[in-house]
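Each remark here refers to the structure printed beneath this line.
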Amino acid sequence: MASSNQNPEQPDQLEQINNRLTDLGRNIETNKKAMGIAMGAILVVACLTFAWLYLYKIPNNNKAMEAYNKVELSTFGNDSLSAAQYKKVADEYGSTAAGKLASLSAAQTLYNSGKYEEAAKYLNKFSSKDKVLDANAKVLLGDCYVNLKKYDEAISAFKDAVKKADGNPQIAPRALLKQAVVYDEQKKFGDALKCYETIKKDYPQFSLGNGISIDAYIEREKARL
């Protein structure tokens, strides 16, 4: 009688294949459901983003620009009135481009009125992708702090101005010059000297506008040291 090697405790090959196919089918169904949920979530996010953009952000930006232009036209030449109106636009639409521009305009008029603390507050709300505009705002912020005798904050603002100016041949050396003046006020003559030497090295065409060469300032700082 022929002997058999089959183990009766193990399922035959056909049953094993059927089991695997069943498991595979379940996995596919589960993955399909998960993918469906994920796609649904993506669609919801896309719809919400679209709604936010077209129902809120764009209309809000338009309102902000209209408000800013209205102030420009209606308060020209009146610093006290324009400052109040610019502040209102900046406070209401601060997250928009026009709102940020209103912050800068408010700061400029406040500075002209000698309200340096408030001007600094609105300058700290301002930011722009325009390097020239951003750097000039930092210079004005530094001027506010100088007038408030907050010299460390002034130095920090002027340094930011140099960085944001990114080599601009007018703004960067002007900010360095202002740094040097503050360092002199703090009796930090070595730091002032470095500023003057940087101006001479990196911006040789920059004019101090007073008929005195940058070399004269360098020699003065060396003498003080």
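Values in this document were obtained by computation on a predicted structure and should not be read as measured data.
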Q186 side chain reached by D191 side chain, heavy atoms, under 4.5 Å: no
Just verifying a value: how many Å separate L208 CG and Y196 OH, rounded to the nearest 0.5 Å? 8.0 Å
Taking the basic N atoms (NZ, or NE/NH1/NH2) and the acidic carboxylate oxygens, is any pair closer than 4.0 Å for D215 and K222? no
Contacts of R220 that satisfy salt bridge (Lys or Arg N to Asp or Glu O under 4.0 Å) - sequence neighbours left out: D184
State plainly whether one hydrophobic cluster holds both L225 and I199, where clusters connect Ile, Leu, Val, Met, Phe, Trp and Tyr through side-chain heavy atoms under 4.5 angstrom apart. yes
So, using side chain to side chain donor-acceptor pair (under 3.5 Å) as the criterion, who are the partners of K115 when residues are at least two apart? none
Taking atom OH of Y183 and atom CZ of F189, what is their separation to the nearest 0.5 Å? 13.5 Å
Applying a strict under-4.5 Å side-chain criterion to I, L, V, M, F, W and Y, I'd like to know whether L148 and V139 cluster together. no
Side chain to side chain, E117 and K150, heavy atoms closer than 4.5 Å: yes
Check salt bridge (Lys or Arg N to Asp or Glu O under 4.0 Å) between E221 and all other residues, then give those that pass, not counting sequence neighbours. R224
Scan the side chains in residues 168-179 for donor-acceptor partners under 3.5 Å anywhere in the protein, sequence neighbours excluded, and list what turns up.
unit_1: N168; atom_1: OD1; unit_2: Q170; atom_2: N; d: 2.9
unit_1: N168; atom_1: OD1; unit_2: I171; atom_2: N; d: 3.0
unit_1: R174; atom_1: NH2; unit_2: N136; atom_2: OD1; d: 2.7
unit_1: K178; atom_1: NZ; unit_2: D143; atom_2: OD1; d: 3.0
unit_1: K178; atom_1: NZ; unit_2: D143; atom_2: OD2; d: 3.4

Same cluster or not: V162 versus I214, using hydrophobic residues (I, L, V, M, F, W, Y) connected whenever any side-chain heavy atoms lie under 4.5 Å apart? yes
Hey, what do you get for CD (E219) to CG (L193), rounding to the nearest 0.5 Å? 9.0 Å
Measure the shortest side-chain to side-chain distance between Y86 and L110 over non-hydrogen atoms and say whether it is less than 4.5 angstrom. no
Give the cluster check for V89 versus L104: same hydrophobic cluster or not, with ILVMFWY residues linked at side-chain heavy-atom distances below 4.5 Å. yes
Tell me, which pairs form a salt bridge (charged side-chain N to carboxylate O under 4.0 Å, His left out) where one or both residues lie in residues 156-168, sequence neighbours left out? K131-D166, D134-K164
If you take the centroid of each ring, where Trp contributes its six-membered ring, are Y151 and Y145 closer together than 6.0 Å? no
Salt bridge (Lys or Arg N to Asp or Glu O under 4.0 Å) with K100: which residues, sequence neighbours excluded? none
Could you tell me whether the side chain of F126 reaches within less than 4.5 Å of the side chain of L141, counting heavy atoms only? no
Given 3.5 Å as the limit, does a donor-acceptor pair link the side chain of S113 with the main chain of T109, or not? yes
